[in-house]
Amino acid sequence: MPRRESPLQSEMVQGTLDMLILRTLVLGPAHGQTIAHVIERGSEDVLQVEHGSLYPALHRLQNRGWVASFWGTSESNRKAKYYRLTADGRKQLAAQKSRWDQLVRAIGRIMSPAAEESK
Amino acid sequence: MNWRRFFRRVQADAEQQLELESYIEITTEEYIAQGMGTDEARRAARLRLGNLTQIREEVFEMNTATFLEGTLRELRHTARMLRRNPAFSMTAIVTLALGIGATTAIFSVVNGVLIKPLSYPESDALLTVGLSAVFGTVPTRNFPLAPGIFGVDATNSQAFKEFGLWRNGQAAIIGSGSPEQVDTLLVTQSLLSTLGIQPALGRWFSREDDQPGTTETVILSEAYWERRFGGDPKVIGRMLTIDFKAREVIGVMPDRFTSPGSRVDLILPLRLNLAQSAGDFNYRGIARLKPGVTLTQANNDVGRMLQIWKRNENRASLEAMRLGPAARPLKEDVVGDVGGVLWVLLGGIGILLVIACANVANLLLVRAEGRGQELAVRTALGAGRGHIARALMLESLTLSLMGGTIGIALAYGGRRILLALGPPNLPRLNEIAIDIPVLAFAVAMSVLSGLLFGLVPIARLAGPKFALRLPEFVRGGGRGASAGKSQHRSQNALVVVQVALALVLLVSSGLMIRTFQNLTMVKPGFTDPATIQTVRISISPVQVAEPERLTRVQGEILQRLAGIPGVTSAAFVNLLPMDVLGGGGTTAAPTAVEGKDYGPTGTPARRVKFISPGLLHTLGTPLLAGRDVAWAELYDQRNVALVSETFARQEWGSLGGAIGKRIRVGPIGPWQEVIGVVADVYDDGVDKKAPDSVYWPAREHPWFTVPFVPRSVAFVLRSDRTGTEGLLSDIRQAVSTVNSDLAVFQVRSLREVYGASMARTSFSLVMLAIAGAMALLLGIVGIYGVLAYAAVQRRREVGIRLALGAQPGAVKGMFVYRGVILSSIGIALGGTVAAGSTRFMSSLLFGVTPVDAATFAAAVGVLVLAALAASYIPARRAAAIDPVETLREQ
């Protein structure tokens, strides 16, 4: 099957998208489009959300009980499905964030040891 | 996944579609706001999202058991494919059914005999308790117990929760009809609670039953109850006259109670009198361990009690025997040494199954290649690699499970054949069944085979390289020259494996053939056993009390038997040659040679037989020096004996030197003159050393360890009528003229006794030979199949070669060469494997080493010839191609 490539997507660490979605929803309920926008803008367009993966990811998060959904009306007055963070999701986000920080620190230590020492 | 979602998945999908549509709407609006045209914006939004259907599918799959659904669909497809190609399906299924069936049948025996726990509650805690002892220089770990060591119930033991003693015996039942000799089991009352089994009917012995002075009782075995009383429940309370004693029937024991021992008809209480039989080494012990006690602790405990008893007894002869504890798991005792044979057979048949799998894998490969186009189209239509792999695997598994199902049916029949072919003394026969573990094994074997041969085409057709070859398949059905290359490689590998494993099996069966030859070449110590009729007759003290009279009665019977028409000679002996293998037991006694000091090792024990005059002549055992014993010497209690060749050479260095020398049993008693030397008899089976034996005249010997007279003897008759009903009725007639109360039992020819001694070898031989022959056949089919397929595939190439002037001989050579190369690699590989693995069967071999060069050479020779033949036929066919026709076809 043909793969849609985007600059960083293909290298995105497994599960990162889930974390980013959860992080976005901390700010309040949002529909898919908004979530994608927030991630892209927030990363100054470095991270391109593959929309084909966004919806399955949302569905997966919902199945796990980390987000819940409801139908609402968009800014432009259209029917849209909104997602919000559940209590479980919040816990999950905290856990994922600390793991992520660990990972970043670990990789940082290897990639630029001098910088680490000079601190 | 979750079932609620599964049932709501259609609704969820509709919702998903709505959501995606709303997404497109929103994005479109956004793009319009950025200044795009409506249509352009909509297209961009769709593009941004990607394949709508695929997203929906992905989400849908999260909610479903798609795998299951897809599998069902594939199953239907598979069934269609298999039906469409019946020749292929049948070949594969039959091959697998044979392989799995044979493996399952053997496994049912292995499981029933070796793996299954004994059919007693918590049977792991059961031990058989015996002693280790040393006779002369010969150590044994199978020496019976004396009741004194434990008292009767071992209440003072620290290791045993319960303990019982038993021994085998025989008894005559006299009542209505002809007298009957039955096998008995004599037990202490405690044996039942030790084993933990309840009577099928009635009750077990009470403490009183096991003590003198009460009503004599008897318990029937289930088999005897069925046979003699037709399973009548009113048998309880009836009186039965056993050895001239009336006994009350109090119960019936289920057959599994006696399954560890040999066939048993009646169970009698031992009624041990410790004062009399404390030192009588004639009993076997069965003990149940206290929880948490190990085998070592149990042995230490037996050793402790043995020491206490020996101190109290204070007998010098006990010291000389160097007694020690020898408790071991009851199962080990029951199973004996049959394990080696069974594991080797399971291994052999397992190898056969692998060869069968290789054959089926080859078939699948050839067929999968033909299906390249179909698979290519499926891939082009969007089937993932996983889907294709699943489809192929499903086909393989369907084949193997169908093969397995038929295999199980075959195993049912095969088990019968196995048991009929199997050694008659195979233990736990009644526990061999096609039960749950065996069925599970069959299913596991089927799945395993399916995976094994299913992976081969998957590696080829669903592997990463398949995509690269797609265009070629779509174009021409995979007939291009390059298509064959890696295909050939996998096929070659399979053929090499087949040839290698076939060689292993051929070598194994070759070794068994050599073993069998070697065994039959050993002169057993008797001639032409098929014309020797034997019957056993026991005369109890109630029938004939005085030993002298007993000898005369036995002599009288012998005279009558010798007078039967067609009987050329007759004699009797207490134990037949090789009788031990049929469960007959042996007798041994410490026998000293005059003037010889045996020092600290003590007087060596020798095999003892009690013979009538003429026995050696009747059996055909050569008398090497001196003379046979005479009747007058029996009646006059003359002190004479004969010794075996080995005995004579050991003690006096020559045969003639033995004559006139004197020997005796034990430290007291009169010396007995050696009057003859007898050729060695292979009493323990032809694969064992002939024991050094002493032949005593069959009369009373008051100076044996206990006064002894052979009351149960086997009469041997040399006659061409052996085995006929007529001879048997003449024998019964002759015996009843002497005494109508005497039962004639254990009717058989010496050939049966002799055959039983080789049963294990001939069983292994037949099984391995069958496996070897099948392996050879499958190997040939493998080589033939690959070359024949190659010949068809390379038709065009061969056609061109021929058209350009290649000689048919050269073309033939090209194909034969490939067959030879493949089988050579296989033979080299198989030879190495065989050299390493045949040592596992060394316990089955006799007179031949596991790496016997001649056997290896013969096996290789057979395989090379077979491989040449298998290569030549397709090669000839290839060379006979008409180039014009082939080229036109394309």
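Per chain, numbering begins at 1; letters A, B, ... match sequence-line order.
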| request: List the steps, then state whether side-chain contact (heavy atoms from CB on, under 4.5 Å) holds for A/H31 with B/Y23. | output: CA-CA 8 Å; A/H31 57 78; B/Y23 163 83; over 6 Å; no
Examine whether an atom of [X] lies under 4.5 Å from a heavy atom of chain A, and if so say whether it belongs to the side chain, the backbone or both; otherwise answer neither.
| X | result |
| --- | --- |
| B/L18 | both |
| B/E29 | side chain |
| B/E30 | side chain |

With a sphere of 6.0 Å drawn around [atom1] of [X], does it hold more than 12 non-hydrogen atoms of other residues, nucleotides or ligands?
| X | atom1 | value |
| --- | --- | --- |
| B/R42 | CZ | no |
| B/M402 | CE | no |
| B/D39 | CG | no |

| task | Provide the closest heavy-atom pair for B/S22 versus A/A80 in the form atom of the first, atom of the second, distance. | result |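 Closest heavy-atom pair between B/S22 and A/A80: OG-CA, 3.9 Å.
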| message | How long is the straight-line distance from NZ of A/K81 back to CG of B/L20, given to the nearest 0.5 Å? | response |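 B/L20 CG to A/K81 NZ: 9.5 Å, rounded to 0.5 Å.
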